[in-house]
Structure formats: C-alpha cells, structure tokens
Number of protein chains: 2
Amino acid sequence: MTATLDQRIRGDISARIHSGEWPPGTRIPYETELAAHYGCARATVSKAMETLARAGLIERRRKAGSFVARPHSQSAVLEVPDLASVAAAKGETYRWQRNRLAALAAGEAPDIAGIAGAALAVEGVHFADDLPFAIEERWISLAAVPGCADEDFTGTAPGTWLLGHVPWTHARHRIRAVAASAAEARRLAIRPGTACLSLERWTWRARDYVTYVRQLFPGDRHDLIADFDPS
Amino acid sequence: MTATLDQRIRGDISARIHSGEWPPGTRIPYETELAAHYGCARATVSKAMETLARAGLIERRRKAGSFVARPHSQSAVLEVPDLASVAAAKGETYRWQRNRLAALAAGEAPDIAGIAGAALAVEGVHFADDLPFAIEERWISLAAVPGCADEDFTGTAPGTWLLGHVPWTHARHRIRAVAASAAEARRLAIRPGTACLSLERWTWRARDYVTYVRQLFPGDRHDLIADFDPS
DNA sequence: CAGTGGTCTAGACCACCTT
DNA sequence: AGGTGGTCTAGACCACTGT
C-alpha cells in the first residue's frame, strides 16, 4: 500500500491531469514548489517529472516550467511475439514446416528485402493444431549474420533462431490487408482472394541490415492485439 | 558532441550487448564497480541502469546483480494518428463526412462496443482527395463524456474531437484483415469482398469506459507503419 | 546473514531560455 | 540577467534475496 515518494508525486499529478482538473497547457508548479510541498529533495520531484515527460503527459521547458501536454496521437505498443508462443498461449500445438532454403549470391534477393549482398532465403509454413495459419518468406543478410549459414531451419523457425542469436537495435513493421494469391491460398488451405493480414518486418543491428520477413495470416485465423497504458 | 555521463554509461553497456560481447545471461559489473570505473557516484550509474532495464536490455535482481536480458519478443510502438494528420502528411486534402448520428438509450449499443448505459452512435466516411479511404463506426459512452451530447460531428470527426477533450488512460487495439461486406464496399467505392484492414479501438479513462471505434480501410489505400528503437 | 539494487537527501553547478 | 530544468555528488538507509 505504501508507494515510494516518487510514485506518489507521479500519481498525484497524473490524477490531476486525467481528471481534467489540469487541462492541456496548464503550468505545473515549479520543481522547487513541489519539493517544498512534499517536503522532499528536488531530485525526487525531478525524477517523477522526468518519468511523466517521457510518458508524454507533460512537457518541460527550461526557464518556463513544466506544462500539461496536449495529446496528439493514439499510440500503442504492439507486441509481435514468436508465433510459437502465440500458439502455446492458446493451448494449440505448434509446428513449423520449412519448404525452401537457398543461398543467394549478391543481387539475387528481391528489392523489397533490401539486401544488396549475399543472402539466405527461407520459406515455410506455421501450423497451429495442424492447420496452417501463416506462411513466411524471409531473407537474411549473410554479411550481418554469418552464423546462419550452418542452420537448415527445419527444427526451429528462423524468427525464433534469430531472436536468440542476433540482438537487433531497430525494426520497422508494415501491416496491410491483402487478398491471397492462388499460390498463397494453396499453402494456407484457403480460397484465393481471401482477405489476409500481411506483416512485414525489416530489422537492423546498429547500421547493418539483418533481415526482411513477410508473414501472411488468413484474416480469420489471426489478429493483432495491442494494449497501451501511458506511464 | 559531449554527452552526459549517464548517456555515456548507457551507450557503453548497450554497445557491448549489441555487439555480442556480452551475450544474454552475462552478469554486468556491480553498480559500485561501474561507479569506480567511471569515477562517478553510484546514483549516476543507477540511473543509467534503470533506463536500460526499462528498455528491456537488462534485468536487475537484488543481491545477484544485473544481467543481460534475453529478448523474448519483437515489440513496436504503433502510432495511430488522426486520419486528418495522415492525409495532411501525404499532401492530400482531407474531408470527413458524417452520415449517422443517434442518441441511444441504455442497452441499445451493440455488444462489441461494450457500453451498457446510454451512448452516442456516430458513423461517417473519411475522404482523401475526395476518395473514401476509411469508414468509421463509433459509440461514445454518454456517462463518460457528457459534453459530446452537444456535438453533431459534422465539422470534426469524433476521433479528433475526443482527442482534444477527453484525456484517456488506457486503450486496446485490435487489427484484422476482413473482406468488405456489400454495404461497406458501397460506401468505400470498392468491390465487395475486397481485403480491408479493420482497426478497432476500445478506450478507457481511469475506470470509465469511454468509446469504441471501428475503422475499415481498403487494403490498397492504407497501411500501418511502425518504427521501433529500444531506448 | 551479507550484499545487492532501490530510494532518497541536501547541496552544487551548468546550460539554456524567456523576459 | 535571472530563474528554470538537467545533471551530478557523496552519503545514507532500507528491502529484498541468494547463500
């Protein structure tokens, strides 16, 4: 029940903001004033304010003070977990089936993958309870991940393997709705033209480009859920 | 060019992690050791470590020390901005057309909206360059947002209005691919069955449930892009 | 029980911005 | 030019947890 002073200050201020008592633009008391009010050191107040600022609730300006921020967008933290974990969470049996594995020379990877040098191409299907629920096409840069040349990705999906072997620093996701092509529909055991969720991801490690992957889910077999609490 | 000591410590450690020099599970030097190494106070080291821990790069355990975390999922911060801003960013002219506005008594809102009491129902279409690119169905809880009873939402879309008037504390998003129904296709000027991106959002303010919205985008007219840097 | 992270203090100096 | 946030210090005590 007893929270830290930091949390208490943060809670008091965010409550005033969320209740509407301090509408956007309101100037929050100066750090020295708050420190006096709570009878604590300014560093403690400062830490609370820094957390609030990083959460986007307030804006801090030197000499002027701190102000209640005006919200500009709805954000969400989208978790894109391993497909194996997704199936496990639903109590379904998971299976990965690799179809294609090919070492490509420089320039052979498609433009969308963004790999100029040599690459490894992997294709396969993710099954939950023996029903295909995603097809995956992936290209891995051999320059960035030399170790993957020794893998055949029959046992573990490349995503799982990469997650454990290559620390990544930046990722870009693109989410779209597309109609399944004839070839895609056959592998997913659905009718051509079925609405599917397309998830593409480009991954970097520092400045090195690591991998591009495209996963295609039948619309009725997968969705993305994202919860978001500022703070 | 000269960064703060906090940033330098953080950068040194994350570089060692990302380079693979400290693989997952490695114990990071104790805070006292790092403080001695950098010739600074332990509080400075502690702040850097706290930031790294919140970014998910390390795990801290009392008495044991801090360890390089093992990544378990690919996260992404998905920005879901106002559709007006999206169109503006692309240099397109934006227009909102409200079709339906109805005050509903308790129990009349559909189950999916999750509103037990009285509600306001709003439907409309978002246009970019006079081409419909999203239809929107929304229900707003009148208990949580009494002020919206005076709005007719002809000039501003309800999302824009709510963003400026109701501070929210929690949101849940659900993203799916669906085929457009006949009615939806007509309003979007596409063929029935076209793959569309369905974005649903439930929004809370503290414990009060505020609004449910469903937006439907033709797959070829909209996609979601999310960039993510830990840190 | 010993030692780690977690929190806080009272003070200091600086960079920057508004007036 | 003055006052704000931004950073850092040297010390302290506490809570938790692994041995």
Side-chain angles (χ1 to χ4, degrees), chain A residues 1-17 22-70 229-231, chain B residues 1-17 22-72 229-231:
Chain A
M1 201 54 216
T2 54
T4 66
L5 189 46
D6 172 23
Q7 293 172 320
R8 199 180 128 206
I9 298 173
R10 219 185 309 151
D12 285 357
I13 292 177
S14 64
R16 282 198 155 89
I17 294 175
W22 287 351
T26 306
R27 209 208 75 230
I28 289 174
Y30 299 124
E31 295 192 353
T32 50
E33 296 173 1
L34 286 169
H37 177 264
Y38 285 99
C40 70
R42 186 172 74 92
T44 307
V45 173
S46 187
K47 190 187 173 189
M49 302 293 267
E50 187 190 340
T51 305
L52 290 174
R54 232 187 309 191
L57 248 78
I58 67 171
E59 281 174 10
R60 316 177 76 187
R61 290 205 304 270
R62 280 187 165 98
K63 164 73 185 175
S66 298
F67 300 83
V68 178
R70 82 187 58 243
D229 293 287
S231 93
Chain B
M1 202 56 215
T2 54
T4 66
L5 189 46
D6 172 23
Q7 292 173 319
R8 199 180 128 204
I9 298 174
R10 219 185 310 152
D12 286 357
I13 293 176
S14 64
R16 283 198 153 90
I17 294 176
W22 288 350
T26 306
R27 211 208 76 232
I28 289 174
Y30 299 125
E31 294 192 354
T32 50
E33 296 173 0
L34 286 170
H37 175 264
Y38 285 98
C40 70
R42 185 170 77 90
T44 306
V45 173
S46 188
K47 191 187 173 190
M49 303 293 268
E50 186 190 340
T51 305
L52 290 174
R54 230 186 312 186
L57 249 78
I58 67 171
E59 281 174 12
R60 316 176 77 187
R61 288 205 304 272
R62 280 185 164 96
K63 165 74 182 174
S66 298
F67 300 83
V68 177
R70 87 188 51 245
H72 55 291
D229 294 286
S231 91

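Note that this is a predicted model, so its numbers are computed, not measured. Below, read A as the first sequence line, B as the second, and so on, with proteins coming before strands; counting in each chain starts at 1.
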Between P of D:dG6 and CZ of B:Arg8, the distance in whole Å: 22 Å
Rounded to the nearest angstrom, tell me the gap between atom CZ in A:Arg10 and atom C1' in C:dT7. 12 Å
In terms of heavy-atom contacts, A:Ala64 and A:Arg27 come closest through O-CD, 3.8 Å
Atom of B:Pro71, atom of B:Pro24 and distance for their closest heavy-atom approach: CD-CG, 4.4 Å
Could you tell me if the side chain of [Y] sits less than 4.5 Å from the side chain of [X], heavy atoms only?
| X | Y | value |
| --- | --- | --- |
| B:Lys47 | B:Thr4 | no |
| A:Val68 | A:Pro23 | no |
| B:Ser66 | B:Leu52 | no |

Taking only side-chain nitrogens and oxygens of A:Ser46, does any of them come within less than 4.0 Å of OP1 or OP2 of D:dT7? no
Between D:dC8, C:dT7, C:dC8, spot the one nearest the side chain of A:Asp6, thanks. C:dC8
Select one nucleotide: of C:dC8, C:dA10, D:dC8, the one nearest the side-chain heavy atoms of A:Ala41. C:dA10
Which donor-acceptor pairs under 3.5 Å do side chains of residues 29-38 of chain B form with protein atoms, sequence neighbours excluded?
| from | atom 1 | to | atom 2 | distance (Å) |
| --- | --- | --- | --- | --- |
| B:Glu31 | OE1 | B:Arg42 | NH1 | 2.8 |
| B:Glu31 | OE2 | B:Arg60 | NH2 | 2.0 |
| B:Glu33 | OE1 | B:Tyr30 | N | 3.3 |
| B:Tyr38 | OH | B:Asp12 | OD2 | 2.6 |

Return the polar atom pairs (N/O with N/O) between nucleotides 2-4 of chain D and the protein under 3.5 Å, or none.
| from | atom 1 | to | atom 2 | distance (Å) |
| --- | --- | --- | --- | --- |
| D:dG3 | O4' | A:Lys63 | NZ | 3.3 |

A:Glu50 or B:Arg42: which one's nearest nucleotide on DNA chain D is closer to the 5' end? A:Glu50
